[in-house]
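In this chain, residues are counted from 1 in sequence order.
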Amino acid sequence: MATAAAKQATKIVSKAAAGGTGAAGAGGGPPVMPLASPLMGKKKKPFLGMPAPLGYVPGLGRGATGFTTRSDIGPARDANDPVDDRHAPPGKRTVGDQMKKSQDDDDEDLNDTNYDEFNGYAGSLFSSGPYEKDDEEADAIYAALDKRMDERRKERRELREKEEIEKYRMERPKIQQQFSDLKRKLAEVSEEEWLSIPEVGDARNKRQRNPRYEKLTPVPDSFFSKHLQSGENHTTVDPLQGLGGLNTPYPGSMTPGLMTPGTGELDMRKIGQARNTLMDMRLSQVSDSVSGQTVVDPKGYLTDLNSMIPTYGGDISDIKKARLLLKSVRETNPHHPPAWIASARLEEVTGKLQVARNLIMKGTEMCPKSEDVWLEAARLQPGDTAKAVVAQAVRHLPQSVRIYIRAAELETDIRAKKRVLRKALENVSKSVRLWKTAVELEEPEDARIMLSRAVECCPTSVELWLALARLETYENARRVLNKARENIPTDRHIWITAAKLEEANGNTQMVDKIIDRAITSLRANGVEINREQWIQDAEECDKAGSVATCQAVIRAVIGIGIEEEDRKHTWMEDADSCVAHGALECARAIYAHALQVFPSKKSVWLRAAYFEKNHGTRESLEALLQRAVAHCPKAEVLWLMGAKSKWLAGDVPAARSILALAFQANPNSEEIWLAAVKLESENNEYERARRLLAKARSSAPTARVFMKSVKLEWVLGNIEAAQDLCTEALKHYEDFPKLWMMRGQIEEQCENMDKAREAYNQGLKKCPHSVPLWLLLSHLEERVGQLTRARAILEKARLKNPQCAELWLESVRLEFRAGLKNIANTLMAKALQECPNSGNLWAEAVFLEARPQRKTKSVDALKKCEHDPHVLLAVAKLFWSERKITKAREWFLRTVKIEPDLGDAWALFYKFELQHGTEEQQEEVRKRCENAEPRHGELWCAESKHVLNWQKKTGEILMQVASKIKNTF
C-alpha cells in the first residue's frame, strides 16, 4: 500500500511539473533555445538548479493542483450500483451500503449522550485494535464473574418474574381459567341432573335447515335473438361503468357491442367478454391489490370488531372539529393548561386512551407548573405509572396540596399513605387539608399528638382546634378551647363547643353563661349575630344530644333582629321549621320562650299543647296544660284537652276534677257540659250523664245539648224518651236539621216508614238546604222500592241546592244500583260539567269506566283535582285492582298524609295491608289511624255513628269498616 501510494504521488507531482514547464518539451525533441532579449544579460535566480524544498508542489501557487484520472483508480461507481456479490444480505447489496457500513465501523460513537459515569461509553473504545490472547483471558474472567453474580440473583429474579406473570394472569386470565370454578362445580352434578339437561335445539327455521341451492338455467341464444329482433329493451354490461356495470338503452335502439356489424345475429364472443368484465369487478371488491389475497385478516378480525365498538355517541364530524380547534389552541398557546386537559379528555371520551395519555404527558412538559395538568395526567395513567407521574409533579410543584393528596390516594397501604402525607407536611406545614387527611389515618393517641402540632402550624383553623379538644381530657380540652378563643376571637363554634363540653361534664349552670359571654365577645369583636345560623347550630346541638346548649342558644338569639309586632308570627314559624328538621328540643325551647313573652295568648298555648301531644309525653302535655289554664282560664279547649288526657290515661277522677274547675271558670259552657256528659257516658255512668244533661238543658239550653240528650236515650234503648225529647227540642229548635234526621231515623228503626217520611218532609220544609236530609229521604224511598220517587226527590234537591256534588253523586249511584249504567254515565257527564272540581265525582267517574279506560280517566281526574284525597284514594284503589302493590301503598300513604281525617282512606289502607302487607305494616296503619282519630268519610260515618257502635274506639271501628269493604272494583 505504501509503495503504491508513493508511486501515485510521484506520478501526480511529475504531471503537475510537466504542466507547469510550458511547451518546451511538448514536441518530444530537444529544448528550443530562447531568442535574444534585453534580459539575457541579467543575473540568474539563485534557486534555479537547487532541490525543491520539503512539501513543495510545483504550480500550486497559481492553482495548478494535481489530479487523479480514472485510469489510476478504475471506473467510477454510483452509490446505488449493486456489488459483485449477488447473494449479499440486505443492507449490503449496494456500494453505498457497504461504504456506509465501513464508515460506521470505523467511527466510534464518542458522543456525551453515549457516556455513562459508571459504565463509560456504550461501545468498546478499543474495538478496532487487535484481539490477543490476554484479551481472551480477561473476557473469560469477566464472563465467569458475570455468571457467578447471575447465580446469586437467580432466585430473586425468578421470584420476581413469577410474581409478574401471576399479576399478568390475574389481570388478563385465559378463557379456560375464567370458567374453572364452573368446571369444578360440574363434579356436584348428579347423573339424573346431567341426563335432565335438555338438548340444544336447532333455532334455525325450515328454510335455513334445508337450504335449497339456487338453480340457474342457462338461457338459449334463440331467446336473445328473438327479443333483439322484436325491438324491445335490452341490457348490456359496460366495462367502463362503475360497480353496477348495467346500462339500459332507449327502447328500440340497438345495443352497441352485442350485434356483429352487418348481420342480425348475436356476437357470443362479446357476451363472454361482458360476463368476464362483470366477474372481474365483483372480485375486485373482495380482493386486495395483491393477486389472490383477501382483505379479511383472520387473526386481527376480533380485535378489529372490538375497535369498531363506538365509545362516544356524538357525531364524528363534531369530534373532528373539536380536535382541530383544540390542536389550534395548543399550537397557538402551548403553555395554556386547559387546552391540553380538554384535548386529553376529548380523546378519552372517544375511546383513544393511549392518545389521551400521550397528549397529557406532552402537556406536562409544556406546562410543568400547572397543577391541573399533572392531576389530569395522574388520573389518566394506570397505577404504577400514575405514581411516577405524581412523583415528577411533586418535583415541579413541591408546594401543591392537591398533588400530595392525590399521591396519598394512589397508595394502597396505610403506612405508605402516612409516609406520603408526612413528607407533604414537611414541605407544606400550613395546609389544613393535609393535616386533616393525615390525622384521619392515625390512631387517637397519635392523632392527638399530630393535632397539637397542627394547631401550632395552623392556629386559625377552627376545625383543628375543635378536633384536638374532642380528643383531650376535660381539663386539657378547656385549655385548648381557651387558646382557640385567643387565636380566633371571631368564631362562634368554639364558644358552642365549650358550652357542649361543660354540659357533657355536668356543669349545666355554666352553659347559659358561656353562650351569653359568646354573644358579648363576638359583638365586641365586630361580628354580626346571624340568628338563622345560630338556630342551625342549636339544631345540630339538639341532634347531638346537647339539650341544655341547644336551649341556651335559642334563648340567647331568638329575639335578635325581630320587630316587636312580628315576634309571635316569626317564633311560630321558627318552631315549625325546627319540628320539620327533627329538632324537637329547639321547638320546645322556642315555645317556652314565646309563652314567657306572651303568657295570655291562647293560640300560643294551643300550638305548644298540640306540639306536646304529637311529640312529647303525657306528663309534659299535662304539665303544660295546667300552666295554660292558669294563664287562660276562659280557653275551653285547653280545659278539655287536659281532661281528655287524664281520661285516656285512665284517671277518670282527675278528668272530672279538671272539668269541675272548668265549670267554675266557664259557667254554662256548652262544650264543657257536653265533655262532662261524654266522660260519664263513656265510663258507663249513665245516670250521671242524664243528670248532667238535664241540668244543662235547664241552665244552658242549646240545640246540641238537646241533640246529645236524644242521642243518649236512643243509644240506651229508651226510644219513647228519645222521641219525647226530640219533640220537645223541635218546639224550640225546628231549624236544626239533625233533630229532624234523628226523628226520622228513629221512626225508620221502628219500621214506621210513613212517619219517617213525614219527619223528613217536615224537616225539608224547615231546612231545604240540608243535603243529608234529602239523601235520607231518597234512601227511604229507594228502600221501599219507589225508584221514580227517589229520582224525583234528588232532582228536586239539585234544584234547591245547585252545584252540590253529593246530590249528583247520589243520583249517579241510584241509577247504577238500578242497573241503568248508560243513564248513570250521562248523569256523571252532567255532574262533572256542573261541578268540575269535585274530587268525589271524579273518584266515582274513574270506576264507572271500563277497565281499559280507567287509567286515562284517573289522569284527567288528577289534572282537575291534583290534591283531592278522594281522587288520590281512587288512584290507589286503581293500582290495587291492577296488583301494583308498591304503587298502591305509595298512593295510600299520600292520601292519609294529605287528609288524615278521612276515615274511608284509613279503612281501605288497612284492608289493603291485611291482604298484601306484613303484621308490622298492619299495626303501623292501625296506630296511625288511632292517633289521627278520623271523623269523616261515607263508610266511616255509617259505622261510627250507628247506634250500636256508639262506645267503640277508633281501632275497633277501623277493623269493622275494613271487614265490610268488598273488592268490587
**Report entry** E734 backbone acceptor or donor facing W740 side chain under 3.5 Å
**Finding:** yes
Query raised in the report: Does the distance from a Lys or Arg side-chain N to an Asp or Glu carboxylate O, for R618 and E612, drop under 4.0 Å?
Result: no
Query raised in the report: Which distance, rounded to the nearest 0.5 Å, do you find between the CD1 of I793 and the CG of L780?
Result: 8.0 Å
Requested in this report: Please say whether more than 12 non-hydrogen atoms of neighbouring residues, nucleotides or ligands are located less than 6.0 Å from CD in E565.
Outcome: yes
Report task. Could you tell me whether a side-chain N or O of R854 sits under 3.5 Å from a main-chain N or O of E849, the two making a donor and an acceptor? Result -> yes
Query raised in the report: If you look at every heavy atom in W605 and S600, which pair is closest and at what distance?
Result: NE1-N, 4.4 Å
Requested in this report: Give the intermediate values and the outcome of side chain to side chain contact (heavy atoms under 4.5 Å, CB included) for residues K601 and H631.
Outcome: CA-CA 9 Å; K601 288 285 185 181; H631 288 91; over 6 Å; no
Report task. Indicate yes or no for a side-chain donor-acceptor contact from S770 to the backbone of C767 under 3.5 Å, with no hydrogens or angles considered. Result -> no
Requested in this report: Assess whether side chain to side chain contact (heavy atoms under 4.5 Å, CB included) is satisfied between L716 and W950, documenting all intermediate values.
Outcome: CA-CA 10 Å; L716 292 177; W950 70 285; 4.2 Å; yes
Query - Salt bridge flag under 4.0 Å for residues E882 and K887 - result: no
Query - Worked verdict on L848 versus V812 for side chain to side chain contact (heavy atoms under 4.5 Å, CB included) - result: CA-CA 10 Å; L848 275 181; V812 171; 3.7 Å; yes
Query - Test salt bridge (Lys or Arg N to Asp or Glu O under 4.0 Å) applied to E938 and R813, step by step - result: CA-CA 13 Å; E938 186 178 355; R813 288 177 176 173; 2.8 Å; yes
Query raised in the report: Is K884 salt-bridged to E890, cutoff N-O under 4.0 Å?
Result: no
Requested in this report: Classify the angle between the aromatic ring planes of F892 and W880 as parallel (below 30°), tilted (30 to 60°) or perpendicular (above 60°).
Outcome: perpendicular
Requested in this report: Before accepting this row, confirm whether a basic side-chain N of the pair D754/R757 lies closer than 4.0 Å to the acidic partner's carboxylate O.
Outcome: yes
Query raised in the report: Is it true that a side-chain atom of S620 and a backbone atom of T617 form a donor plus acceptor pair closer than 3.5 Å?
Result: yes
Report task. Inspect the contact between K964 and E943 and indicate whether a charged nitrogen and a carboxylate oxygen are less than 4.0 angstrom apart. Result -> yes
Query raised in the report: Donor-acceptor pair, R607 side chain versus V604 backbone, under 3.5 Å?
Result: no
Report task. Flag the pair E913 and R926 as a salt bridge only when some basic side-chain nitrogen lies within less than 4.0 angstrom of an acidic carboxylate oxygen. Result -> no
Query raised in the report: For the side chain of W808 and the backbone of L827, is there at least one donor-acceptor N/O pair under 3.5 Å apart?
Result: no
Requested in this report: Compare every heavy atom of A818 with every heavy atom of L787, then report the nearest pair and how far apart it is.
Outcome: CD1-CB, 4.0 Å
Requested in this report: Check whether any side-chain N or O of N949 sits under 3.5 Å from a backbone N or O of S944 as a donor-acceptor pair, and report yes or no.
Outcome: no
**Report entry** Ion pair check, E622 and R627, cut-off under 4.0 Å
**Finding:** no
Query raised in the report: Under 4.0 Å between a Lys/Arg side-chain N and an Asp/Glu carboxylate O for K927 and E930?
Result: no
Query raised in the report: What do you reckon, is CD of Q915 surrounded by more than 12 foreign heavy atoms closer than 6.0 Å?
Result: yes
Query raised in the report: What do the steps show when you test E782 against R817 for salt bridge (Lys or Arg N to Asp or Glu O under 4.0 Å), and what is the final call?
Result: CA-CA 10 Å; E782 185 184 1; R817 287 193 294 266; 2.8 Å; yes
Query raised in the report: Do you know which two heavy atoms are closest between W842 and C865, and how far apart they sit?
Result: CD1-SG, 3.6 Å
Report task. Please report the shortest heavy-atom distance between H615 and R588, naming the atom on each side. Result -> O-NH2, 4.2 Å
Query raised in the report: Around H916, counting heavy atoms of other residues, nucleotides and ligands shown, do more than 12 lie under 6.0 Å from its NE2?
Result: yes
Requested in this report: May I ask you to decide if K953's main-chain N or O and E956's side chain share a donor-acceptor pair within less than 3.5 Å?
Outcome: yes
Report task. Please indicate whether K864 has more than 12 foreign heavy atoms, meaning atoms of other residues, nucleotides or ligands, lying under 6.0 Å from its NZ. Result -> no
Query raised in the report: Do R697 and S709 pass the side chain to side chain contact (heavy atoms under 4.5 Å, CB included) test, and can you show the C-alpha distance, the side-chain angles, and the key distance before you say yes or no?
Result: CA-CA 9 Å; R697 288 196 302 272; S709 302; 2.7 Å; yes
**Report entry** Test item: T570 side-chain N/O and D566 main-chain N/O as donor-acceptor pair under 3.5 Å
**Finding:** yes
Query raised in the report: Quick one: does E899's side chain have a donor or acceptor within less than 3.5 Å of a partner on D901's backbone?
Result: yes
